[in-house]
Amino acid sequence: MIYLDYQATTPLAPEAFDAMAPLLRDQFANPHSTHRLGRAAAAQVEAARNAIAGLLPPGGQLIFTSGATEALNIAIQGAPPGGIVTIATEHAAVLDTAEAMRRTGRDVTVLPVGPDGIVDLEDAARAIVPGVALVVAMLVNNEIGVIQPVAALADLAHRAGALFLCDAVQGYGRIPIPSVCDMVAISAHKIHGPKGVGALWLRDGVRPTSLIHGGGQEGGLRSGTLSPALCAGFGVAARLMRERADSDRAHVESLAALAATLFADWTLNGSQTARYRGNLNLRRDGIDGARLLSDCRNVAFSLGSACASGSGRPSHVLRALGLTDAQARGSVRIGFGRYTSREELERAAEALNEAAAAQAAP
């Protein structure tokens with residue numbers, strides 16, 4: 001199998017696995033216990049917390065969660081009373097949570113995007129006014145790789161007296177996270193760490209209402225026993241993202257340049273320039289993406305978000321760009337990164353192009 005679905009999840013870094021194994025097998029103490037073994041486990045958690053924080057704005061507090069979905073829910077549901085403004089291309093973890101808040105009486109505004117997938121800042125300025133409590137935007141879109149003007153949106157939020165929450169799941173460790181954010185949600189398994197652990201970063205003085213009550217762990221914001229193994233794997237993955245930032249970036253740029261020639265007959269969905277280059281959402285007339293998945297069984301790619309790809313509905317992100325149902329269904333997402341070779345990308349492109357040509361043939 002050739003793996004080209006890096007936005008759904010990334011291969012676990014061997015170094016992260018090596019850090020996790022002893023904590024799963026031998027060093028199994030509860031990190032919240034006060035005996036020597038518990039303190040040793042807690043030290044592993046704190047070392048990971050520091051490593052993860054190294055890729056976030058300075059200061060603040062990092063809260064471990066089960067993943068980015070929980071982090072986003074804590075931030076949105078725990079925000080101060082007032083309106084919520086977000087964007088039509090956000091992940092379901094944001095849009096569905098905002099809709100749940102609407103049902104409780106919150107005023108929710110979902111801003112449209114242009115054909116390039118980027119929100120219009122004039123539209124945003126008209127919506128982000130006093131009375132809005134929270135503005136939520138994704139740094140790098142998970143389906144089309146487009147980068148939103150997060151710093152400008154945060155500035156609009158602060159002028160209106162609102163908090164700004166950044167979904168940085170796809171951008172963390174890959175592009176700088178603007179220091180003006182008030183809350184940032186991240187996930188380990190998008191950066192070659194383990195599944196089942198994420199985090200919510202909070203600026204000093206920002207404290208959402210707790211959703212989970214119990215033992216008071218994580219400063220009382222997220223009760224529940226932490227897994228030192230998952231935290232350690234996350235920490236090592238974050239450290240590697242920082243240490244290998246230049247080489248990872250050069251590798252992705254090289255693969256993106258190669259992909260531009262290999263998929264020259266396809267149309268790129270979303271902005272050509274304001275984007276993370278390791279995410280290509282491509283469409284081609286006359287094809288059906290679901291059938292392409294079936295025809296290219298030795299290539300792992302996707303039709304969009306892994307959370308919604310089995311629904312059978314056209315992607316809400318692609319529809320927000322103005323694509324027709326047929327164009328959306330004729331689109332595929334190809335994601336690559338640290339462990340993708342040029343030869344793998346070439347073989348995958350050959351398979352995809354051959355299958356697409358066969359579909360489109362009269």
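As the structure is a computational prediction, the values presented were derived from the model and not from experiment.
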For the student: nearest non-hydrogen atoms of Ala133 and Pro80, plus distance: CB-O, 3.3 Å
Path from Trp201 to Ile175 over hydrophobic side-chain contacts below 4.5 Å: yes
Pairing residues for Arg347 by the side-chain contact (heavy atoms from CB on, under 4.5 Å) criterion, not counting sequence neighbours: Ile2, Glu343, Glu344
Set of residues satisfying salt bridge (Lys or Arg N to Asp or Glu O under 4.0 Å) with respect to Glu350, sequence neighbours excluded: none
Check against side chain to side chain contact (heavy atoms under 4.5 Å, CB included), Val332 and Leu292: CA-CA 9 Å; Val332 299; Leu292 206 63; 4.0 Å; yes
Asn281 (side chain) donor-acceptor with Gly145 (main chain) under 3.5 angstrom: no
Distance-minimising heavy-atom pair for Gly117 and Gln148: O-NE2, 2.8 Å
Phe64 vs Leu200 side-chain heavy atoms within contact, under 4.5 Å: no
Closest non-hydrogen atom pair between Met20 and Ala229, with its separation: CG-O, 3.1 Å
Results of ring pair (Phe, Tyr, Trp, His ring centres under 6.0 Å) for Tyr6 - residues two or more places apart only: Tyr3, His192
Test log, rule side chain to side chain contact (heavy atoms under 4.5 Å, CB included), inputs Met1 and Val299: CA-CA 6 Å; Met1 284 290 294; Val299 182; 5.9 Å; no
Check: Leu321 and Val113 side chains under 4.5 Å, non-hydrogen atoms: yes
Same apolar cluster: Ile74 and Val206, side chain cutoff 4.5 Å: yes
Test item: side-chain donor near acceptor, Gln77 and Thr209, under 3.5 Å: no
Residue list, side-chain contact (heavy atoms from CB on, under 4.5 Å) with Ala256, at least two apart or on another chain: Arg277, Phe336
Glu46/Arg39 salt bridge by N-O under 4.0 Å criterion: no
Test side-chain hydrogen bond (donor to acceptor under 3.5 Å, both in side chains) applied to Arg239 - qualifying residues, sequence neighbours left out: Glu243
Heavy-atom closest pair, residues Asn279 and Arg275: O-NH2, 2.7 Å
Electrostatic pair Arg49-Glu218, nearest N-O below 4.0 angstrom: yes
Leu230 to Gly196 - nearest heavy-atom pair and separation: CD1-O, 3.7 Å
Main-chain N/O of Gly82 paired with Arg106 side-chain donor or acceptor, under 3.5 Å: yes
Set of side-chain contact (heavy atoms from CB on, under 4.5 Å) partners for Ala152, sequence neighbours left out: Leu121, Pro149
Among Glu70, His213, Gln217, side chain to side chain donor-acceptor pair (under 3.5 Å) partner for Arg222: Glu70
Residues Leu323, Asn269; criterion side chain to side chain contact (heavy atoms under 4.5 Å, CB included); working and verdict: CA-CA 9 Å; Leu323 269 62; Asn269 292 323; 3.5 Å; yes
More than 12 heavy atoms from other groups under 6.0 Å of CZ on Arg25: yes
Residues Asp107, Arg102: salt bridge by 4.0 Å N-O rule: no
Same cluster (ILVMFWY, side-chain, under 4.5 Å), Leu95 and Val108: yes
Separation between CG of Leu72 and CD1 of Ile186, rounded to the nearest 0.5 Å: 11.0 Å
Electrostatic pair Arg174:Asp248 at N-O distance under 4.0 angstrom: no
Considering all heavy atoms, the nearest Val119-Pro112 contact: CG2-O, 3.7 Å
CG/Asp285: more than 12 non-hydrogen atoms of other groups inside 6.0 Å: no
Atom pair CG/CD1 of Asn141 and Ile147 - distance to nearest 0.5 Å: 10.5 Å
Side-chain heavy atoms of Gln359 within contact of Arg284, under 4.5 Å: no
Arg203 and Asp182 ion-paired at < 4.0 Å: yes
Side-chain donor/acceptor of Ser210 to backbone N/O of Gly220, under 3.5 Å: yes
More than 12 heavy atoms from other groups under 6.0 Å of OH on Tyr339: yes
